[in-house]
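Here's the structure, in structure tokens; my notes come after.
In what follows, chains carry the letters A, B, and so on, assigned in the order in which the sequence lines appear, proteins first and then strands, with residues in each chain numbered from 1.
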Amino acid sequence: MLQIKYIQENRDEVIERLKVKNFDASVIVPEILRTDEKRRHTQKTLDDHLAEANKLAKEIGLLFKQGKIDEANKVKVRTAELKNITKSLGTQLEGFKSELDSLLIQLPNLPHPDVPAGSSAEENKIVLQEGELPILGEDALPHWELARRYDIIDFDLGSKVSGAGFPFYKGKGAKFQRALINFFIEEAIEAGYTEFQPPLMVNEDSAYGTGQLPDKDGQMYHVNIDNLYLIPTAEVPITNIYRNVILKHDELPVKNVAYSSCFRREAGSYGKDVRGLNRLHQFDKVEIVQLQHPDRSYQTLDKMTAHAASLLRKLELPFRILSLCGGDLSFTSALTYDFEVYSAAQKKWLEVSSVSNFENFQSNRMKIRFKDQDGSIKLTHTLNGSALALPRIVAALLENNQHEEGISVPSALVKYTGFENIGT
RNA sequence: GGAGAAAUGGCAGAGUGGUCGAAUGCGGCGGUCUUGAAAACCGUUGACCGUUUACGCGGUCCGGGGGUUCGAAUCCCUCUUUCUCCGCCA
């Protein structure tokens, strides 16, 4: 959520910059400013009346003490009037506030000046490409075939027990998952992150805080009976730790890492996109989250991007980094780098990580603040990134490393798997 | 799931209808003293909204929401959370 003060002071700039996200704010911004004007005016009127009521209440107390009952009762006539007025002003004020809120919630975050123009994924800018694209023989198999051949992932069993998109990992496949999770977490700890194990269900406030609600309602699994949401990413519980918190300046940056299962309904997905591990309802991910001083958040974004890149390098996967164009940038992000690994058997790039700076868009909604060295209280910047999401990494590793006797495990992973080859 | 108790500033803890944004202690910050540090002493120390060029002024907040009252941290209702006991149980 953008800050109302910023919109007030930079009205034209806000409208202009949102065009990069293909968002026409020319109607809503003036409406926001008008609503805020009404809000402030109502607040002032209400405060004045409350001030009078407070003053009179004190007078009445005094009059009673002095035994001047009649005079006290006379004053009460006015306080009764004031009570009605303040009550209705209070209701009005609440109305304006929630009206303003529901307008502000519709405004996306401003894109960073570096964000490339463009309206779709085709126009994302490749900022780095690294590693040799493997050339596999004609008989190379996609990962779902490999998974079946070596009996390491069972999609049919998942369908039977839960439904499509809920695979079973089995034997070396299961251990491979654990190895990757451990590898990712250990690398993050090495880089100075604190490990968390978060709850997998969150309440409404938390889902609202990170912006899943209200806009992505329906993409999350909802446990009706207790009104809890299954997390679509560990970002939700990990960032919400700091909701309504004022940090000390020397507590920044906050660097947290969490492994969690992630749950997504993926309503509307279909076809080859959902084949095998490409898109699941439940998957595993290691997420890194940072809270940082506004002056340093873009350096941090670079560091987080470098961290994700180092993981892919160690896994010996060819990858590329894309700077998302305005049209592909998420609602909440100011600048996002997507990581894609090349799947040789499917002959396509698979998104495995997304690293973003949200600047103060999330923290304004969640009121994540810090006390700066000069004593002033400011919103932090929030950043997060996958480091990394498992399923497509697994898909690419299986496909790219297949050979006649099975699938070889990247050497960086062997100390976590305890085996060097799948299939023998 | 049942019964009972509780929730106050960074922490501990007082306050049961008016002068309470809230005693006191600890902690934090600034100062005096000291070569420096500690101790001691003095001062200071919440957030948000509105208004003001500014000093300031006004308003809201004592777990959340609602109510009673001229007036609520204090009384009532409700929700949440924590603790104790019982039941069940990885």
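Remark: B:U16 base-pairs with no nucleotide in the shown strands. Criterion, Watson-Crick or G-U wobble with two distances under 3.5 Å. The pairing partner recorded for B:C61 is B:G46, the criterion being a Watson-Crick or G-U wobble arrangement whose two distances lie under 3.5 angstrom. Base pairing of B:G87 is not made with any nucleotide, judged by Watson-Crick or G-U wobble geometry with both donor-acceptor distances under 3.5 Å. Of all nucleotides present, none satisfies the Watson-Crick or G-U wobble test against B:U35 with each distance under 3.5 Å. B:G10 and B:C26 make up a base pair, with Watson-Crick or G-U wobble contacts both under 3.5 Å. B:A72 is unpaired under the criterion used here, namely a Watson-Crick or G-U wobble arrangement in which both key atom distances are under 3.5 Å. When both pairing distances are held under 3.5 Å, B:C55 makes no Watson-Crick or G-U pair with any nucleotide shown.
Side chains of A:S408 and A:N401: no donor on one and acceptor on the other come within 3.5 Å. Residues A:H143 and A:E399 bring a donor and an acceptor atom of their side chains to less than 3.5 Å of each other.
In this entry the distance linking NZ of A:K87 with C1' of B:G66 reads 10 Å, nearest Å.
As rounded to the nearest Å, B:G67 and B:C62 have P atoms that lie 15 Å from one another. B:G64 and B:A73 are spaced 15 Å apart, taking the C1' atom of each and rounding to whole Å. Look at the C1' atom in both B:G56 and B:U16: the space between them is 35 Å, to the nearest Å. Spacing of C1' atoms, B:G15 relative to B:U74, comes out at 8 Å, to the nearest Å. For the C1' atoms, the distance from B:U60 to B:C20 is 15 Å, rounded to whole Å. With both ends at atom C1', the span from B:C29 to B:G10 equals 13 Å, rounded to whole Å. A gap of 33 Å separates the P atoms of B:U78 and B:A23, to the nearest Å. The C1' atoms of B:A14 and B:G66 are separated by 28 Å, rounded to the nearest whole Å.
Counting heavy atoms from C-beta on, the side chains of A:I241 and A:F196 come closer than 4.5 Å. Side-chain atoms of A:F184 and A:L388, non-hydrogen and from C-beta on, do get closer than 4.5 Å to each other.
With ring centers used as reference points, A:F166 lies under 6.0 Å from A:H281. Aromatic pair A:Y298/A:H112: ring centres closer than 6.0 Å.
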Could you go over nucleotides 48-59 of chain B and give all protein N or O partners under 3.5 Å, atom names and distances?
| from | atom 1 | to | atom 2 | distance (Å) |
| --- | --- | --- | --- | --- |
| B:C48 | OP1 | A:R369 | NH1 | 3.3 |
| B:C49 | O3' | A:R39 | NH2 | 2.6 |
| B:C49 | O2' | A:Q43 | OE1 | 2.5 |
| B:G50 | OP1 | A:R39 | NH2 | 2.5 |
| B:U51 | OP1 | A:R40 | NE | 3.1 |
| B:G58 | N2 | A:D47 | OD2 | 2.7 |
| B:G59 | OP1 | A:N54 | ND2 | 3.1 |
| B:G59 | O2' | A:D47 | OD1 | 3.0 |

Between the protein and nucleotides 69-75 of chain B, are there any N/O to N/O pairs under 3.5 Å, and if so, what are the atom names and distances?
none

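Side chain of A:K378 to main chain of A:D372: no donor-acceptor pair is present (N/O by atom type, distance under 3.5 Å, no hydrogens or angles).
Classification of the A:Y221-A:F263 ring pair by plane angle, with boundaries at 30° and 60°, yields perpendicular.
Within the 4.0 angstrom heavy-atom criterion, only backbone atoms of the sugar-phosphate kind lie near A:K371; the bases stay farther away.
More than 12 heavy atoms of other residues, nucleotides or ligands sit less than 6.0 Å from atom CZ of A:R78.
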task: Could you go through the salt bridge (Lys or Arg N to Asp or Glu O under 4.0 Å) check for A:K19 and A:D24 one step at a time?
output: CA-CA 6 Å; A:K19 284 182 187 165; A:D24 179 8; over 6 Å; no
